[in-house]
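What's counted below: heavy atoms across the whole structure, side chains too, no hydrogens, waters or symmetry copies. Residue numbers begin at 1 in each chain, while the letters A, B, ... track the order of the sequences.
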2 protein chains.
Amino acid sequence: MGEYSDNTGIGENEDLDEETLFVVSQTFKALGDPTRIRILHLLFQHEYSVNQIAENLHLRQSTVSHQLRFLKNLRLVKNRREGTTLFYSHDDEHVINLLKQTIDHAFHS
Amino acid sequence: MGEYSDNTGIGENEDLDEETLFVVSQTFKALGDPTRIRILHLLFQHEYSVNQIAENLHLRQSTVSHQLRFLKNLRLVKNRREGTTLFYSHDDEHVINLLKQTIDHAFHS
DNA sequence: TTATAATATGAACACATGCTAATATAAGCA
DNA sequence: TGCTTATATTAGCATGTGTTCATATTATAA
């Protein structure tokens, strides 16, 4: 078999450098926790405040805040301040699409 | 903005039932480890034996075997026996595509 | 059967992860 | 200023995860 014989044009045989490997694993790790999935899934629709997320998903404020910091560090969500309230929304279309695809795939199987 | 106004047709507002949540998080968890990513990435090309994988990626035979069992439990890889040798290959196009997409995205950014 | 090669398994360990309670910070208002 | 609301942070704990060494299993061949 010849090298580089694939047809999709999507990163087939490129060697995985350390940085890419790190980014990719971090990305999937972010999506590998049920709580974070539920938060991101909620944010599919529109922005929510921290407390709104906590109420909606029956989680502690502290838990939500921690996970939002995690997601924000990876630039998967952003926020907007209004007085003392912070509204969070998603901030990475690619990752949101990964999640949508996978939910869809799991749901219809 | 009206409800259900999205254009992708991909699972927007469906409620996340426990089972879907579990499957999705398991799937991403599988892709959330550098070693498993490297193994799956190697298997993009073609099948490899356990020892071949270990040599290629500079991992212990035991480590590779453990991770392959993990991936096999999730039906992300399959194997084929030839004498005492087991050849592993990927077995989930959807997940492989997720990985390809994400590597591609991370690599060209 | 015995020996050998390839792979799988089990136990132990270090480390990472996620949640919680308590507290701190920040912004708005009386 | 002091009070309230909303969010962030810190430390601690329990659980999960990935690797390793040692050993077991499986299949083949002499």
Side-chain angles (χ1 to χ4, degrees), chain A residues 16 18 21-43 47-91, chain B residues 16 18 21-43 47-91:
Chain A
L16 268 185
E18 273 304 316
L21 189 60
F22 181 75
V23 171
V24 171
S25 63
Q26 281 295 110
T27 301
F28 284 122
K29 219 171 261 184
L31 298 172
D33 173 69
T35 300
R36 287 193 290 271
I37 292 177
R38 292 173 71 211
I39 292 175
L40 288 173
H41 179 255
L42 187 65
L43 298 183
E47 64 181 13
Y48 283 93
S49 74
V50 178
N51 275 334
Q52 285 173 337
I53 296 172
E55 289 169 22
N56 243 286
L57 305 181
H58 304 289
L59 298 168
R60 314 265 176 180
Q61 178 268 325
S62 171
T63 299
V64 173
S65 186
H66 277 298
Q67 297 295 9
L68 285 173
R69 179 172 61 170
F70 182 105
L71 294 171
K72 192 156 182 292
N73 284 340
L74 292 181
R75 300 183 186 282
L76 267 44
V77 302
K78 62 187 172 191
N79 61 22
R80 172 180 77 80
R81 179 178 286 280
E82 198 166 295
T84 59
T85 302
L86 286 173
F87 289 100
Y88 281 83
S89 55
H90 63 79
D91 196 30
Chain B
L16 267 187
E18 271 304 315
L21 190 59
F22 180 75
V23 171
V24 172
S25 63
Q26 281 294 111
T27 301
F28 284 123
K29 218 169 265 183
L31 298 173
D33 173 69
T35 300
R36 286 192 291 273
I37 293 177
R38 293 174 71 210
I39 292 175
L40 288 172
H41 178 257
L42 186 65
L43 298 183
E47 65 182 11
Y48 283 93
S49 74
V50 177
N51 275 335
Q52 286 173 336
I53 296 172
E55 289 169 23
N56 244 287
L57 304 182
H58 305 289
L59 298 167
R60 313 265 175 182
Q61 177 268 323
S62 172
T63 299
V64 174
S65 187
H66 278 298
Q67 297 294 9
L68 286 172
R69 179 170 63 172
F70 182 106
L71 294 171
K72 193 157 184 288
N73 284 339
L74 292 181
R75 299 185 186 282
L76 267 43
V77 302
K78 63 188 172 189
N79 60 24
R80 171 180 77 80
R81 182 177 283 282
E82 197 166 296
T84 59
T85 302
L86 287 173
F87 290 100
Y88 281 83
S89 55
H90 63 78
D91 196 29

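Between A:Y88 and D:dA6 there is no side-chain polar atom (N or O) within less than 4.0 angstrom of OP1 or OP2. At the phosphate of C:dT7, OP1 or OP2 sits under 4.0 Å from a side-chain N or O atom of B:N51. Phosphate contact (OP1/OP2 of D:dA8, side-chain N/O of A:R69, threshold under 4.0 Å): absent. Side-chain nitrogen and oxygen atoms of B:Y48 include none within less than 4.0 Å of the OP1 or OP2 phosphate oxygen of C:dT7.
Rounding to whole angstrom units, CD1 of residue A:I53 and C1' of D:dA8 are separated by 14 Å. For the pair B:K72 NZ and C:dA8 C1', the computed distance is 12 Å after rounding to whole Å. Regarding A:F87, its CZ atom lies at a distance of 16 Å from the P atom of C:dA27, rounded to whole Å. Rounded to an integer number of Å, the gap from A:R81 CZ to C:dA26 P is 9 Å. Here D:dG18 presents its C1' atom at 14 Å from CG of A:L21, a figure rounded to the nearest Å. The CD-P distance, from A:Q52 to D:dA6, rounds to 10 Å in whole Å. Distance A:H58 NE2 to C:dC19 P: 15 Å, rounded to the nearest Å. Counting to the nearest Å, the P atom of C:dA6 and the CG atom of B:N79 are 16 Å from each other.
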Please evaluate residues B:T35 and B:L57 with respect to the criterion side-chain contact (heavy atoms from CB on, under 4.5 Å), reporting the C-alpha separation (whole Å), side-chain torsions for both, the decisive distance (0.1 Å), and the verdict. CA-CA 9 Å; B:T35 300; B:L57 304 182; over 6 Å; no
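Within 3.5 Å, no donor on the side chain of A:Q61 pairs with an acceptor on the base of D:dA6, nor the reverse. If you check distances only, the side chain of A:S62 does reach the base of D:dT9 with a donor-acceptor pair under 3.5 Å.
Here the CG atom belonging to B:D91 is positioned 11.0 Å from the CG atom belonging to B:L43, to the nearest 0.5 angstrom. With values rounded to the nearest 0.5 angstrom, B:L86 atom CG is found 14.0 Å from B:K78 atom NZ. Between atom CG of residue A:L71 and atom CG of residue A:L40 there is a gap of 5.0 Å, rounded to the nearest 0.5 Å. For the atom pair CZ of A:F28 and OG1 of B:T27, the computed distance is 10.0 Å after rounding to the nearest 0.5 Å.
Side-chain atoms of B:T35 lie closest to D:dG18 of the nucleotides D:dG18, D:dA8, D:dT20. For A:R60, whose side chain is taken as the heavy atoms from C-beta onward, the closest listed nucleotide among C:dG10, C:dA27, C:dA21 is C:dA21. Side chain of B:Q67, nearest nucleotide from C:dA21, D:dT19, C:dT7: D:dT19. You'll find that the side chain of B:T84 is closest to D:dA27, out of C:dC19, D:dA27, D:dT7.
In this structure, A:K29 reaches the sugar-phosphate backbone alone: every heavy-atom distance under 4.0 Å involves primed, P, OP1 or OP2 atoms, never a base. Base engagement by A:S65 is indicated by at least one non-hydrogen atom pair under 4.0 Å involving a base atom.
Evaluation of A:H66 against the base of C:dC19 yields no stacking contact (centre distance < 5.5 Å, interplanar angle < 30° required).
Positionally, the nearest nucleotide of DNA chain C for B:L86 lies more toward the 5' end than for the other of A:Q26 and B:L86.
A side-chain hydrogen bond (donor to acceptor under 3.5 Å, both in side chains) with B:Q67 is found for one member of B:R36, B:K72, B:R38 and no other, namely B:R36.
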